[in-house]
Amino acid sequence: MDETVAEFFKRTILKIPMTEMMTILKAWDFLSEKQLQNVNFRQRKESLVQDLVLLCEKKRASVHDAALLDIVYTQFHRHRKVWDVFQMSKGPGEDIDLFDMEQFKSSFKKILQRALKNVMVSFRDAEENAVWIRIAWGTQYRKPNQYKPVYVVYYSQTPYAFTSSCPLRSNIPLLGQALTVASNHHKIVKMDLRSRYLDSLKAIVFKQYNQTFETYNSTTPLQEKSLELDIHMDSRIIHENRIEKERVQRVTQETFGDYSQPRLEFAQYKLETKFKSDFNGDILAERKEPLRCLIKFSSPHLLEALKSLAPAGIADAPLSPLLTCIPNKGMNYFKIKDK
């Protein structure tokens with residue numbers, strides 16, 4: 001094992017938190033149970049890393065083994081990446097082909113390697129017929145950069161692929177070509193959908209909302225704002241408030257459902273409109289260029305935040321369809337123009 005590969009192992013292992021070290025190494029499944037038992041995991045991390053790198057060297061680990069360890073680490077920490085969604089489609093009259101995952105891997109790798117002299121592609125099978133792909137890009141004159149890879153998650157026999165941000169935009173068309181050809185599709189487009197939460201993106205495009213998502217308990221009822229009614233208040237007012245609360249809860253349930261919402265951090269709206277005025281000679285009315293405005297809603301859990309607005313008395317029910325249509329349309333980037 002040369003110095004470059006040893007350094008790759010060292011930097012990859014250093015990223016792993018001590019509390020997750022054993023779990024990730026076992027999931028990697030390269031070092032045996034006996035080898036791991038002989039390692040002192042209570043020593044300082046720098047010493048532990050040296051011991052593990054030495055074990056890998058004795059077992060003649062390759063750069064591909066290090067890449068697989070990096071994939072395992074990324075699977076455990078997928079929320080640290082920002083994921084884009086790509087949608088593929090068949091050509092007119094094309095039928096669904098029988099899918100072979102091994103054929104997909106072989107074809108995907110060949111397409112990239114034919115186009116680029118220096119590129120390294122690694123695969124790791126995952127749950128639900130998914131494959132994780134790690135691509136370390138190089139150039140005609142430079143070896144693959146192992147520290148700025150792009151990750152792709154593809155679910156077999158579906159038209160969707162999820163990719164982390166690509167450091168070289170010029171490689172995105174090549175990546176799209178490899179995905180479409182290897183999966184027997186005809187065309188690929190980038191959706192207006194992005195998030196750190198890969199499972200939520202998957203649920204949105206596959207319409208799987210009725211499941212549990214990260215850090216949200218679906219059995220918890222909607223938060224209700226306390227009305228703090230005076231005991232001497234007119235009973236008719238109390239009755240009207242109760243009716244309004246029931247209406248808001250009903251409309252919110254009809255709009256969002258009983259299940260927890262997919263987790264997104266933001267929604268962005270770009271408005272482009274001509275200025276309209278009833279007064280002749282208005283300066284803005286004569287403006288040829290449209291007015292442009294960008295509005296961004298952000299929250300650690302945007303859809304749950306929107307779901308709680310009306311019950312909390314912050315907004316009227318129902319909310320605007322522009323806010324509630326995000327899961328159904330599979331978008332959190334919107335462009336609004338004059339009809």
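Hydrogens, waters and symmetry mates are skipped; everything else that's a heavy atom, side chains included, is used.
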Task: Distance in Å, Y269 OH paired with F297 CZ, rounded so as to fall on 0.5 Å steps - done: 6.5 Å

Open item on the list: Show every ring pair (Phe, Tyr, Trp, His ring centres under 6.0 Å) that has at least one partner inside residues 44-73, sequence neighbours left out.
Closed with: Y73-H77

- [ ] Name all pairs fulfilling the side-chain hydrogen bond (donor to acceptor under 3.5 Å, both in side chains) condition that reach into residues 125-136, sequence neighbours left out, sorted by first residue then second.
- [x]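 Found D70-R134, K105-D125, E128-K202, R134-Q146.
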
- [ ] Any chance you could measure E20, atom CD, to K26, atom NZ, to the nearest 0.5 Å?
- [x] 14.5 Å

TODO: In sequence, state the C-alpha distance, the side-chain angles, and the governing distance for S195 and E265, and then conclude on side chain to side chain donor-acceptor pair (under 3.5 Å).
DONE: CA-CA 7 Å; S195 174; E265 309 95 283; 2.6 Å; yes

Open item on the list: Would you say that more than 12 heavy atoms from the other residues, nucleotides or ligands in this model lie under 6.0 Å from the CG of D316, or not?
Closed with: no

Open item on the list: Can you confirm whether N118 sits close enough to P144 that some side-chain heavy atom of one is under 4.5 Å from a side-chain heavy atom of the other?
Closed with: yes

Task: Same apolar cluster: M120 and L69, side chain cutoff 4.5 Å - done: yes

Task: Non-neighbouring partners of S299 that pass side chain to side chain contact (heavy atoms under 4.5 Å, CB included), sequence neighbours left out - done: L302, A305

Task: All side chain to side chain contact (heavy atoms under 4.5 Å, CB included) counterparts of V189, not counting sequence neighbours - done: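 Testing V189 for side chain to side chain contact (heavy atoms under 4.5 Å, CB included), a comparison that skips the adjacent residues, returns Q87, K187.
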
Open item on the list: Applying a strict under-4.5 Å side-chain criterion to I, L, V, M, F, W and Y, I'd like to know whether I314 and I295 cluster together.
Closed with: yes

Open item on the list: Distance check, rounded to the nearest 0.5 Å: K335 atom NZ versus K270 atom NZ?
Closed with: 6.0 Å

Show the atom names and distances, to 0.1 Å, of all donor-acceptor pairs under 3.5 Å that link a side chain in residues 28-39 to residues at least two apart or in another chain.
residue: W28; atom: NE1; partner: D65; partner atom: O; Å: 3.1
residue: S32; atom: OG; partner: Q35; partner atom: N; Å: 3.1
residue: S32; atom: OG; partner: Q35; partner atom: OE1; Å: 3.3
residue: Q35; atom: OE1; partner: S32; partner atom: N; Å: 2.9
residue: N38; atom: ND2; partner: K34; partner atom: O; Å: 3.2

N/O donor-acceptor pairs under 3.5 Å from side chains in residues 161-180, not counting sequence neighbours:
residue: S164; atom: OG; partner: Y151; partner atom: N; Å: 2.9
residue: T180; atom: OG1; partner: G176; partner atom: O; Å: 3.0
residue: T180; atom: OG1; partner: Q177; partner atom: O; Å: 3.0

Task: Shortest non-hydrogen contact from A27 toward V72 - done: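 That would be CB-CG1, 3.8 Å.
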
- [ ] First locate atom CG of L52, then atom OG1 of T12, and finally report the distance between them rounded to the nearest 0.5 Å.
- [x]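 It is 12.0 Å, given to the nearest 0.5 Å.
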
Task: Non-neighbouring partners of R80 that pass salt bridge (Lys or Arg N to Asp or Glu O under 4.0 Å), sequence neighbours left out - done: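 For R80, no residue satisfies salt bridge (Lys or Arg N to Asp or Glu O under 4.0 Å) once neighbours in sequence are set aside.
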
- [ ] Output all residues satisfying salt bridge (Lys or Arg N to Asp or Glu O under 4.0 Å) with R142, sequence neighbours left out; order by chain, then residue number.
- [x]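 Testing R142 for salt bridge (Lys or Arg N to Asp or Glu O under 4.0 Å), a comparison that skips the adjacent residues, returns none.
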
Task: salt bridge (Lys or Arg N to Asp or Glu O under 4.0 Å) partners for E7, two or more places apart - done: none

TODO: Scan side-chain atoms only and decide if Q268 and N332 contain a donor-acceptor pair under the 3.5 Å cut-off.
DONE: no

Open item on the list: Connecting only ILVMFWY residues whose side-chain heavy atoms lie within less than 4.5 Å of each other, what is the rest of F266's hydrophobic cluster?
Closed with: Y333

Task: Distance flag, aromatic centroids of F206 and Y155, threshold under 6.0 Å - done: yes

Task: hydrophobic_cluster_shared for L54 and V63, side chain cutoff 4.5 Å - done: no

- [ ] Find out whether I13 and M21 are in side-chain contact, i.e. whether some heavy atom of one side chain is under 4.5 Å from a heavy atom of the other.
- [x] yes

Open item on the list: Tell me whether the count of non-hydrogen atoms from other residues, nucleotides or ligands lying under 6.0 Å of NZ in K59 goes above 12.
Closed with: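 For K59, atom NZ is crowded (more than 12 foreign heavy atoms under 6.0 Å).
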
- [ ] Taking side chain to side chain contact (heavy atoms under 4.5 Å, CB included) as the test, write out the residues that go with Q140, two or more places apart.
- [x] L116, K117

Open item on the list: Rounded at 0.5 Å granularity, tell me how far CG in L198 sits from NZ in K81.
Closed with: 12.5 Å

TODO: List for me each residue that meets salt bridge (Lys or Arg N to Asp or Glu O under 4.0 Å) alongside R194, sequence neighbours excluded, and say none if there are none.
DONE: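 Partners of R194 under the salt bridge (Lys or Arg N to Asp or Glu O under 4.0 Å) test: D84.
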
Task: Check: R60 and M1 side chains under 4.5 Å, non-hydrogen atoms - done: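 Contact flag for M1/R60 side chains = no.
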
Task: Sidechain N-carboxylate O distance under 4.0 Å for D199, R78 - done: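 Looking at R78 together with D199, the answer is yes, because their closest N to O distance falls below 4.0 Å.
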
- [ ] List the steps and the verdict of ring-ring contact (aromatic ring centres under 6.0 Å, His included) for Y160 and Y154.
- [x] CA-CA 7 Å; Y160 298 103; Y154 175 65; 9.8 Å; no

